Amino acid sequence: MKSIEIQLSEWMNRAFRAAFPEVDLSGFPLGVTATTEEAFGDYQCNAAMGLARVLKKKPRDIAEAAIQAAAPNPAIKKVDLAGPGFINITLDEQALARYLEALQADQRLAVPRTGEGRTVVMDYSSPNVAKPMHIGHIRSTVIGNALDRLYRFLGYRVIADNHLGDWGTQFGLLILGYRHFLDPEAMKRNAVEELERLYVESYERAQADEAWRDQARAELVKLQKGDPENEALWKQFGELSLAEFEKIYARLGVSFDLVRGESFYRDRLAGIVEELNQKGLAVESEGAQVVFLDDLKLPPCIVQKKDGGYNYATTDLATIRSRIMEFAPDKIVYVTDERQQLHFRQLFAIAERMGCSTELVHVWFGLMRLPGATFSTRQGNVIRLEKLLDEAETRALSIVRESSPSMSPEQQREIARAVGIGAVKYADLSQHPQSVVTFTWEKALALDGNSAPYLQYACARIASVRDKYGERFPDRNPIDSPIRLEHPMERKLAVRIVRFPEAVERAAHQFKPNVLADYLYDLAQAYSSFYQNVPFLKAEDEVRESRVRLCMLTEATLRKGLNLLGIETPDRI
RNA sequence: ACCCCGGUAGCUCAGUCGGAUAGAGCAGCGGACUUCUAAUCCGCAGGUCGCGCGUUCGAAUCGCGCCCGGGGUACCA
C-alpha cells in the first residue's frame with residue numbers, strides 16, 4: 001500500500017511531464033509535501049517556482065499548466081494555485097475515509113520496505129570495559145537503537161554490533177592496579193565500580209611514578225603477547241563488565257546481534273598496516289607508521305605507534321574489512337559523540353583508499369553536560385546510568401500511586417518502569433541528535449508536555465476506549481461500519497495518521513529519531529484534542545463505530561511509532 | 001592559529017536540504033472534570049531567528065566577514 005504523499009507525488013510528476021513533454025524534468029523535485037499550514041490544504045507542491053528559471057516562464061503559468069495537464073483524480077477535492085506558484089491540494093473526505101479503511105488492514109501502515117535486500121551494520125553503544133556506563137553513554141545507546149529499529153522496519157537486514165572498548169592501553173594500568181589495590185569485598189559488591197576505582201588509582205600513581213608507568217607498559221605488552229595470567233585477568237574484566245552492561249541493556253530494551261570488542265580484531269592489525277605499506281598509503285614518520293591525508297586537508301593518521309602498538313584507527317580499519325568480508329553491507333553506521341568526527345573522517349578516507357566502496361556514515365551527537373560545571377567526568381559529578389534509571393522509575397512510581405491508587409502494587413511498579421524508562425529515552429530521542437544537551441533531572445524525567453508519558457497516556461486512553469466499547473457493545477464490530485470524516489477534528493486526525501510513512505522514512509534517512517518523535521507528539525496532540533472535544537461511545541450508531549475506528553488507527557500508529565523509538569506502551573497508565 | 005558544530009519567546013527546544021503570516025513544551029495569566037483515564041483539553045500573552053553585508057521572485061535556512069559558546073587538532077579511545 002502506497003502512502004498518500006507518494007501517490008500525490010507520482011500524480012504531480014505525471015502532470016508536469018504532460019504539461020512540458022519537450023523538457024527533461026529528471027532531477028527536479030516535482031513531488032508534494034505536507035502543507036506548512038492547514039489553511040493551504042493538505043499537501044502542497046512547490047515545483048513551479050524551481051522550474052521558472054529553467055523554463056523561462058512565470059511560475060504561476062507553469063503551475064497553471066501542470067494543473068491543467070493533471071489527470072482527473074478522485075482522491076482530490078480541490079487544487080488551488082496560490083501565491084507565486086504554490087499548488088495546494090485538498091483531499092476528498094470520502095476518498096480519505098476509504099484510504100483509512102484500507103490502512104487499518106495494513107500491518108505496515110503504508111510504510112514501504114525501501115531497504116529490502118540491503119544490509120546495514122550499526123555500531124552503537126560501545127562502552128569501555130571496566131568503566132561503569134554513565135549518562136554520556138545513553139545517547140549512543142538510545143539513538144543507535146532507535147535507528148536500528150527504524151532500519152529494520154524499513155526492510156533492511158540490520159547487524160547491530162556492540163563494539164566494546166576492550167583492547168586499549170588502559171589494561172596495563174588496570175592489571176597493575178588489580179594486583180596492588182584490589183579490595184575483594186568491593187569487588188563482590190560491584191565489580192565494575194571497583195575496576196574503575198582500581199584504574200583511577202593506578203592512573204594517578206602513574207602520573208607521578210615513572211617506574212609504575214614502565215611496569216604498566218610491560219604488563220600491557222605481556223597481555224598482547226598472550227601471557228596466560230594477564231589474559232585470564234583481562235578476560236575476567238570483560239566478563240564482569242559485560243554482565244553489568246547487560247543489566248542496563250535489559251532495562252532499556254536494547255539487544256545486539258553481535259557483541260564484538262576491539263580485541264576480536266587484534267590478530268588482523270599487523271596485516272592492515274602491512275597492506276597500507278604495500279599500497280604506499282602508510283609511511284614511516286618519526287618512528288611511527290603514518291597515513292598522510294594532506295590533500296584532504298586532514299591531519300596525519302597514525303596506524304602503528306613507534307613502540308609497535310596499534311591504535312583506534314587500525315582497529316577500526318580491521319573492523320571495516322572484517323564486516324565487509326562477513327556481511328557485505330551496503331552501509332556501515334557509527335553512532336558516537338561529536339569528539340570523534342575527525343577520527344571518522346580520517347578513517348573513512350583511508351578505508352576508501354584501501355578500496356572500500358561501502359557507504360560509511362558517522363552519526364554523531366552532542367555531548368551531555370551538566371548545568372553548572374562543564375561536563376566534568378573527572379570531578380566525580382558523573383551520573384551513573386543505573387542511578388538515572390532508578391530515579392526515573394521512582395519518580396514515575398510516586399505519580400502512578402497517586403493517580404491509580406486502586407491498582408495492585410505489582411502493576412504500579414510495572415507501569416512506573418515503562419513510564420520512567422520511556423521518559424528517559426524520549427528526552428533524548430525528541431531532541432535533535434547533534435545539539436548539546438544539558439542534563440537536568442527535570443528534563444530527563446519530564447512527565448508532561450512533549451514527553452513519553454504524554455504519548456503513553458494517549459495510548460492508554462485509547463486502549464481504555466477500546467475495552468469499554470467491547471463491554472458496552474459486544475454485538476457490534478467497528479470494522480463493519482464505514483469511516484466517516486464529517487467533524488473537523490476527525491478530518492484533522494485522519495490527515496495526520498496518513499503522514500506516518502514519511503515521518504518514519506525521514507527519521508531513518510536523516511538519522512534523526514526526533515523527526516519521528518515530533519510527528520508522534522503532533523499526532524497525540526490531535527488525538528487528545530479529538531478525545532476531549534468529540535464524544536464517541538455516546539455518539540449515535542455508525543458515527544460511534546467510525547470514531548472508534550479512528551481511535552484504533554491512532555493507537556496502531558502511536559504504538560508502532562513508539563515501538564520504533566524503543567518505548568513501551570502499557571494498556572493502563 | 002586552523003577545522004567542525006551551535007546561537008530562534010523568560011527557560012528548554014522544533015523548524016520537512018530556499019517557500020507562504022517562524023512553531024511547540026515548560027513557566028505565567030484565565031477557563032473546562034455527576035461523562036470515553038484532567039498525566040488531559042480550550043483560550044491569552046510572549047520574537048531584531050547572535051550582528052552586518054551579499055546572492056534572488058522569496059533567507060531562520062545559502063555565501064562572506066565579525067561576536068559569543070562548545071568540541072577537536074600525529075603516537076588516548
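These numbers come from a predicted model, not from an experiment. Letters A, B, ... mirror the listed sequences (proteins, then strands); counts begin at 1.
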Distances under 3.5 Å between protein N/O atoms and the N/O atoms of nucleotides 12-15 of chain B, please, pair by pair.
{"residue": "B/U12", "atom": "O3'", "partner": "A/K443", "partner atom": "NZ", "Å": "3.3"}
{"residue": "B/C13", "atom": "OP1", "partner": "A/Q431", "partner atom": "OE1", "Å": "3.1"}
{"residue": "B/C13", "atom": "OP1", "partner": "A/K443", "partner atom": "NZ", "Å": "3.4"}
{"residue": "B/A14", "atom": "OP1", "partner": "A/H432", "partner atom": "N", "Å": "2.7"}
{"residue": "B/A14", "atom": "O2'", "partner": "A/D518", "partner atom": "OD2", "Å": "2.4"}
{"residue": "B/G15", "atom": "OP1", "partner": "A/K512", "partner atom": "NZ", "Å": "3.0"}

Please enumerate all protein N or O atoms sitting under 3.5 Å from an N or O of nucleotides 42-44 of chain B, with distances to 0.1 Å.
{"residue": "B/C42", "atom": "OP1", "partner": "A/S529", "partner atom": "OG", "Å": "3.0"}

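A/A52 comes within 4.0 angstrom of no nucleic acid atom, judged by non-hydrogen atoms across all strands. Looking at heavy-atom distances under 4.0 Å, A/L298 makes no contact with the nucleic acid at all. Here A/D571 lies in heavy-atom contact (under 4.0 Å) with a base. Within the 4.0 angstrom heavy-atom criterion, no nucleotide atom of any strand lies near A/D166. Residue contacts for A/T33: at a heavy-atom cut-off of 4.0 Å it reaches no nucleic acid atom on any strand shown. Residue-level contact check: A/R572 touches the bases, meaning some heavy atom is under 4.0 Å from a base atom.
Nearest to the side chain of A/V465, among B/A77, B/C4, B/C36, sits B/C36. Among B/C57, B/G72, B/C36, the nucleotide with an atom closest to any side-chain atom of A/Y531 is B/C36. The side chain of A/Y521 sits closest to B/A24 out of B/A24, B/U37, B/A77. Of the listed nucleotides (B/U37, B/G19, B/G71), B/G71 has the atom at the smallest distance from the side chain of A/E338. The side chain of A/Q532 sits closest to B/U40 out of B/U40, B/G71, B/A77. Among the nucleotides B/C76, B/A39, B/C36, the one closest to the side chain of A/V419 is B/A39.
Residues A/R496 and A/Q525 bring no donor and acceptor atom of their side chains to less than 3.5 Å of each other.
Taking the O4'-C1'-N9-C4 or O4'-C1'-N1-C2 dihedral as appropriate, B/C66 has a value more than 90° from 0 and is therefore anti.
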Next item on the list: Using a 3.5 Å limit on both pairing distances, list the dot-bracket string of RNA chain B from the 5' end; Watson-Crick and G-U wobble pairs count, crossing pairs take [ ], interstrand pairs take |.
Entry: (((((((..((((.....[...)))).(((((.......))))).....(((((..]....))))))))))))....
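A/R472 has a side-chain polar atom (N or O) that falls below the 4.0 Å cut-off from OP1 or OP2 of B/C36.
Stacking annotation: A/F86 is not stacked on the base of B/G19 (requires ring centroids less than 5.5 angstrom apart and an interplanar angle below 30 degrees).
Comparing A/F530 and A/Y454 against RNA chain B, the residue whose closest nucleotide sits nearer the 5' end is A/F530.
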